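Beneath this line is the structure, given in structure tokens, with notes to follow.
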Amino acid sequence: MENILIIGAAGQIGSEITLELRKIYGDSHVFATDIKNAPADIRDGGPFQLLDVMDDKRLIHFVIRHKITQIYHFAAVLSGNAEKLPVQAWKINMDSLMNILEVAKLVEEIHKVFWPSSIAVFGESTPKTFAPQVTVMEPSTVYGISKLAGERWCEYYFKKFGVDVRSIRYPGLISYKTEPGGGTTDWAVEIYYDAVRKENYTCFLKEDTTLPMMFMPDAIKATINLMEVERSRLKLHSAYNIAGPSMCPKEVAKDIRRHIPNFKIQYEPDFRQEIAETWPESIDDSLARTNDDWKPEYDLTRITDIMLKEIREKINNSAQGK
Ligand code: AKB
């Protein structure tokens, strides 16, 4: 019997993976937690509690009381926000991971942990296209440094203590259910919301800044697949590269005009432009593809079709008080 703890269940990835895991393991076996309140479907569809991952004592009590066997830890300060409060972001990103690794080491029943890494581990000296799995990594952001250090800690806990940690270097994730907050790739979600709301978007990156992206259903599938793979088949316990379509703001705007011909975009690059320029444009994920049959299903056209339809529906429903 598996009992799964989700940390950060009110966030962009956490909210969607909670619902998926509840379908697989049963509502009562997936314990959603966050430091803030979660959307109604997370709160009402199964156990939900406020829990601060920084509080290691409460964390261990929670894990023992609910007989937790797997942990997914999604709480983090993303790249843009981390640059505003570097020391606090470092503390939150690192201490929260260390608390999870320690609890997994101490509690024997926990046999698997998922922790998200990011394309932010790469830096200016990494090859710009098809960034390899193993390559030069000199991240220049606090977030990127914390993710790279986190990857090393995950592998350390696996080698030294046998903690089965699994991780993915997520590209920018595009989703319509829960909006991201404080990331450099947030523009790829904001652009769709503003297209529906105002037919106009002011982008904080330059028009031709290409970044690796992925539609949320592909990211959820890749994550669950990785967690389901037999331990003996895994080639590494740091983090796998995964790749979806790469795109720049100008391309997305053009694709949106298939549905909204009057859509306008202007560019006012801010500090996140500098961050984006240190990240690769595309990722080589051939190693991840050898784990299982995973490959992404959504290209830009499908993403645009679904994003615009779903956001329109969401906005109409909330206007009607549904
Ligand atoms: C961010 O932009 O900070 C995140 C990421 C790529 O990890 N979406």
Side-chain angles (χ1 to χ4, degrees), residues 7-8 10-17 72-86 88-90 92-94 96-97 114-124 126 128 131 137 139-151 154 167-193 203-206 209-220 222-223 238-249 252 269-283 285 288 296 303 307:
I7 312 271
Q12 193 195 12
I13 314 175
S15 58
E16 298 215 20
I17 210 153
Y72 287 70
H73 168 32
F74 290 108
V77 183
L78 297 185
S79 56
N81 279 350
E83 290 309 295
K84 295 179 194 157
L85 289 168
Q88 287 90 332
W90 171 259
I92 292 169
N93 290 355
M94 295 317 296
S96 66
L97 172 62
F114 182 82
W115 170 79
S117 186
S118 159
I119 54 160
V121 292
F122 300 119
E124 250 163 339
T126 302
K128 265 271 171 233
M137 291 197 279
S140 55
T141 62
V142 175
Y143 176 68
I145 300 169
S146 75
K147 288 296 180 189
L148 182 54
E151 287 190 9
C154 289
S167 179
I168 282 174
R169 291 175 182 151
Y170 287 121
L173 297 179
I174 303 178
S175 66
Y176 55 85
K177 286 190 183 150
T178 307
E179 289 179 62
T184 303
T185 57
D186 292 8
W187 69 269
V189 176
E190 290 172 4
I191 193 171
Y192 290 108
Y193 273 90
C203 187
F204 58 77
L205 295 187
K206 290 184 191 162
T209 311
T210 299
L211 287 171
M213 297 287 176
M214 181 170 284
F215 198 37
M216 188 61 87
D218 276 334
I220 299 290
T223 307
S238 53
Y240 283 90
N241 278 5
I242 57 165
S246 291
M247 55 189 84
C248 66
V252 178
D270 66 15
F271 69 100
R272 288 168 283 191
Q273 180 64 36
E274 209 179 302
I275 300 177
E277 280 171 17
T278 69
W279 292 353
E281 291 180 355
S282 57
I283 303 290
D285 68 349
I303 296 174
M307 286 295 282

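Basis for what follows: all heavy atoms, side chains included, without hydrogens, waters or symmetry-related copies. Predicted, not measured: the structure shown is a model, and the values here were computed from it. Just so you know, ligand 1 is whichever comes first in the structure, and atom 1 is the first atom listed for that ligand.
Remark: E190 pairs with D186, Y201, F204 by the side-chain contact (heavy atoms from CB on, under 4.5 Å) rule, at least two apart or across chains. Partners of D285 under the salt bridge (Lys or Arg N to Asp or Glu O under 4.0 Å) rule, at least two apart in sequence or in another chain, are R289. The ring-ring contact (aromatic ring centres under 6.0 Å, His included) test applied to F114 returns Y72, F74, not counting sequence neighbours.
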Starting from the N and O atoms of ligand 1, collect every protein N/O partner closer than 3.5 Å and put each pair on its own line with the distance to 0.1 Å.
from     : atom 1 : to   : atom 2 : distance (Å)
ligand 1 : 2 (O)  : S79  : OG     : 3.4
ligand 1 : 2 (O)  : T184 : N      : 2.7
ligand 1 : 2 (O)  : T185 : N      : 3.1
ligand 1 : 2 (O)  : T185 : OG1    : 3.3
ligand 1 : 3 (O)  : S79  : N      : 3.1
ligand 1 : 3 (O)  : S79  : OG     : 2.5
ligand 1 : 7 (O)  : S118 : OG     : 2.7
ligand 1 : 7 (O)  : Y143 : OH     : 2.8
ligand 1 : 8 (N)  : T185 : OG1    : 2.9

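Distance alone, capped at 3.5 Å, is enough to place a donor-acceptor pair between the Q273 side chain and the K206 backbone.
No side-chain donor-acceptor contact under 3.5 Å links Y143 and T184.
E151 and V121 get closest at one heavy-atom pair: OE2-CG1, 3.5 Å.
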